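Contents: one structure, followed by commentary.
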Amino acid sequence: MTDPMTAREAIALVTDDFTELPFPEGLLEGDGPIGWPGYSAAHGRAADRSGETESVICGTGTIGGVPVVLLSFEFRFLGGSIGERTGARAVAAHRLARARRLPVVVLPATGGSRMHEGMRALLQLQVIARESALTRAAGLPQIAVLRDPTTGGGWATLGAGSDVVLALPGAQVGFAGSRVRPADADPGAYTAEAQLAHGHIDAVVPPGELRAVLGRWLTLLTRPAEGPVPPPYALGTRTGSPSPAETGREAVARARHPDRPRAPAYLDAHFTYRAEISGDRCGGTDPGMLCGFGEGPDGRTVAYAAQCGTATLPAGFRTATRLVRLASRLGIPVLTLVDTPGAANDPQAERDGAGPAIAALFEAVATARVPLTSLLVGEGGSGGALALAAPDNTWATPDSYFSVIAPELAAAILKRTPEEAGTTADLLRLRPQDLVALGAVRGIVDGPARA
């Protein structure tokens, strides 16, 4: 273990204000539901060693000014394992969270289900998953901070089942615990850092920064803006006049200009601060798709998904889908920034499920229960761009274009020479003013107001 802290030390790491929920269970009678020899004695020794009566402590506290319900696991108590009493405490905690409309913060350090209780322990995973689902369905966020170790069913429910997943550096994280993995397994694959690299958690946070980071996340997820979000203003460029291009080929050239402002500049200009989610929870990440939540000038939260001008990977579409669905459930309006030459179309993208990933994002946008606003800030390359565009509420900057297909690809399909791509661009009516006339966008945004 790289994290020797106790359950109460973990709580103290994130809050100075904790009130524990009472659980008057009494002493464990007999050797549990399956009569495991010596279980009662082992349970008693665990209590003496840890000073706790079960593997989880539950209560309420305040983090970053936001009241929350906390569940913190004690690894010294039978490896932080989940048994019937653990499940009962988790149920009580989630029901309190729903009754008081409070977010849930989980601090797991667990080896999984308690074998001393057999299937009765394993069934607690279903119980915990159901309570977590009910809490999230009630529009309340759940954040997990993975400690060392977080493995087995604890990772697969308390950890991976949370809306936002943070982890302490070096924490062992994986479904397979250290004693049940293949003998030749690479231990580096079972770390928080590896899970981050493969899109399964959102951030690795040093202990000294955890309280502040957790407080910012809780603030963002509990203070939604009242949408729809106004489209951001157009940022200044070095490409000449702020007016839209006169020809299609000029519009394409301006959208592809290396000095044209990209999504990070728009996000920095629009938000006071922001926090990013990372990964598609299916093993992939896409640095060309930025997703997260940001605080606007009014102190309220807007969710965002922003393409950064690269071909969008399947992992990027899935991450954006995750963002839109989470924002929809929490009642947070969404801003999307469209800027891609198109969806990645190489063999690996097909193996990674480009089509299903794009389909899922189209569905998430179409069924969102919160208002969406989109701004076309650069290239709008076919369906890979349209999947992120809000129906009936997409706007364009002067340095942008949107097209059914890239001009070069259109020329190839029509068996024209590469030199005819410019002429093809003119024919596609892809300029911002064309998009307004065609009803594809609502309007062209101006630059910032001048004092």
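Positions are given from 1, in the same order as the sequence printed here. The shown structure was predicted, so the numbers you read here are calculated from the model rather than taken from an experiment.
A donor atom on one side chain and an acceptor atom on the other are found under 3.5 Å apart for Asn393 and Thr373.
Applying the 6.0 Å contact sphere to CZ of Phe362 captures more than 12 heavy atoms from other residues, nucleotides or ligands. With a 6.0 Å radius and a threshold of 12 heavy atoms from other residues, nucleotides or ligands, Glu226 has its CD atom at or below the threshold.
Side-chain atoms of Val165 and Trp155, non-hydrogen and from C-beta on, do get closer than 4.5 Å to each other. Val445 has its side chain within reach of Thr397: a pair of non-hydrogen atoms, C-beta onward, lies under 4.5 Å apart. Taking 4.5 Å as the limit, some side-chain heavy atom of Ser400 sits within range of a side-chain heavy atom of Pro432. Put simply, the side chain of Gln172 reaches to within 4.5 Å of the side chain of Thr151, judged on heavy atoms. Residues Trp395 and Val441 fail the side-chain proximity criterion, which asks for heavy atoms closer than 4.5 Å. Looking at heavy atoms from C-beta onward, Val370 lies out of side-chain contact with Ile332 at the 4.5 angstrom threshold. Under the 4.5 Å side-chain criterion, counting only non-hydrogen atoms from C-beta, Gln307 is in contact with Leu388. With contacts defined as side-chain heavy-atom distances shorter than 4.5 Å, the pair Cys58/Leu96 does not qualify.
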Salt bridge (Lys or Arg N to Asp or Glu O under 4.0 Å) evaluation trace for Glu20 with Arg8: CA-CA 10 Å; Glu20 188 173 355; Arg8 295 185 187 275; 3.0 Å; yes

Between Asp426 and Arg249, does a salt bridge (Lys or Arg N to Asp or Glu O under 4.0 Å) hold up when you go through it step by step? CA-CA 6 Å; Asp426 294 336; Arg249 69 190 73 190; 2.6 Å; yes

What do the steps show when you test Ser374 against Thr336 for side-chain hydrogen bond (donor to acceptor under 3.5 Å, both in side chains), and what is the final call? CA-CA 5 Å; Ser374 297; Thr336 70; 2.5 Å; yes

Let's go through Phe402 and Leu386 carefully: what are the C-alpha distance in whole Å and the side-chain angles of both, what is the deciding distance for side-chain contact (heavy atoms from CB on, under 4.5 Å) to 0.1 Å, and is it a yes or a no? CA-CA 9 Å; Phe402 216 141; Leu386 188 65; 4.1 Å; yes

Audit row: Arg256, Glu408, salt bridge (Lys or Arg N to Asp or Glu O under 4.0 Å) steps and yes/no: CA-CA 13 Å; Arg256 293 175 178 174; Glu408 295 83 0; 2.7 Å; yes

Could you please spell out the steps behind the salt bridge (Lys or Arg N to Asp or Glu O under 4.0 Å) verdict for Arg318 and Asp352? CA-CA 11 Å; Arg318 284 191 288 263; Asp352 290 343; 5.7 Å; no

Given the rule in the side-chain hydrogen bond (donor to acceptor under 3.5 Å, both in side chains) test, do Gln142 and Thr135 qualify, once you have shown the distances and angles that lead to the verdict? CA-CA 8 Å; Gln142 178 171 307; Thr135 299; 5.6 Å; no

Residue pair Leu267, Leu337: steps toward the side-chain contact (heavy atoms from CB on, under 4.5 Å) verdict: CA-CA 9 Å; Leu267 295 175; Leu337 302 179; 3.9 Å; yes

Starting from the C-alpha separation in whole Å, work towards a yes-or-no answer on side-chain contact (heavy atoms from CB on, under 4.5 Å) for Val365 and Leu372. CA-CA 8 Å; Val365 168; Leu372 276 75; 3.8 Å; yes

Under the side-chain contact (heavy atoms from CB on, under 4.5 Å) rule, what do Leu290 and Cys308 come out as? Steps first, then yes or no, please. CA-CA 7 Å; Leu290 301 180; Cys308 297; 3.6 Å; yes

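The backbone N or O of Ile63 lies less than 3.5 Å from no partner atom in the side chain of Thr15, so there is not a single donor-acceptor pair. A side-chain donor-acceptor contact under 3.5 Å links Arg147 to the backbone of Met5. Between the side chain of Thr301 and the main chain of Gly296, no donor-acceptor pair closer than 3.5 Å is present. Remark: side-chain polar atoms of Arg98 are paired, donor with acceptor, to backbone N or O of Glu131 under 3.5 angstrom. Thr367 contributes a side-chain N or O that, together with a main-chain N or O of Glu363, makes up a donor-acceptor pair within less than 3.5 Å. A distance-only check finds a donor-acceptor pair linking the side chain of Thr6 to the backbone of Glu9 [under 3.5 Å]. Under a 3.5 Å cut-off, the side chain of Glu193 and the backbone N or O of Pro169 do not form any donor-acceptor pair. Side-chain N or O atoms of Ser382 include one that pairs as donor or acceptor with a backbone N or O of Val404 at under 3.5 Å. A distance-only check finds no donor-acceptor pair linking the side chain of Thr312 to the backbone of Gly384 [under 3.5 Å]. A donor-acceptor pair is defined here as one N or O able to donate and one able to accept, closer than 3.5 Å; such a pair exists between the side chain of Arg322 and the backbone of Gly279.
A side-chain hydrogen bond (donor to acceptor under 3.5 Å, both in side chains) with Glu420 holds for exactly one of Thr424, Thr423, Thr417; it is Thr417. Screening Leu107, Asp163, Leu218 for a side chain to side chain contact (heavy atoms under 4.5 Å, CB included) involving Ile143 leaves a single residue, Leu218.
Here ring pair (Phe, Tyr, Trp, His ring centres under 6.0 Å) pairs that include residues 258-295, with residues two or more places apart or in two chains, are Phe271-Tyr304.
Between Ala315 and Gly284, the shortest heavy-atom distance links the atoms CB-C, 3.5 Å. Closest approach of Ala385 and Val338 over heavy atoms only: CB-CG1, 3.5 Å. Shortest non-hydrogen contact noted between Leu430 and Gly248 is CD1-O, 3.5 Å. Between Gly139 and Leu330, the shortest heavy-atom distance links the atoms O-CD2, 3.5 Å. Leu196 and Thr285 get closest at one heavy-atom pair: O-CG2, 4.0 Å. Between Ala368 and Val324, the shortest heavy-atom distance links the atoms CB-CG1, 4.2 Å.
Residues passing the salt bridge (charged side-chain N to carboxylate O under 4.0 Å, His left out) test with Glu250 are Arg254, sequence neighbours excluded.
One finds the CG atom of Leu409 at 9.5 Å from the OG atom of Ser403 (value rounded to the nearest 0.5 Å). Taking CD of Glu379 as the reference point, atom OG1 of Thr340 lies at 7.5 Å (rounded to 0.5 Å). Of the inter-residue distances, the one linking Thr310 atom OG1 with Met289 atom CE reads 8.5 Å to the nearest 0.5 angstrom. To the nearest 0.5 Å, atom CG of residue Leu123 and atom CG of residue Leu125 are 8.5 Å apart. Once rounded to the nearest 0.5 Å, the distance linking CG of Leu428 with CD1 of Ile405 reads 8.5 Å. In this structure, His200 NE2 and Arg281 CZ are separated by 8.5 Å, a value rounded to the nearest 0.5 Å.
For the pair Arg431 and Glu246, the salt-bridge criterion is not met [side-chain N within less than 4.0 Å of a carboxylate O].
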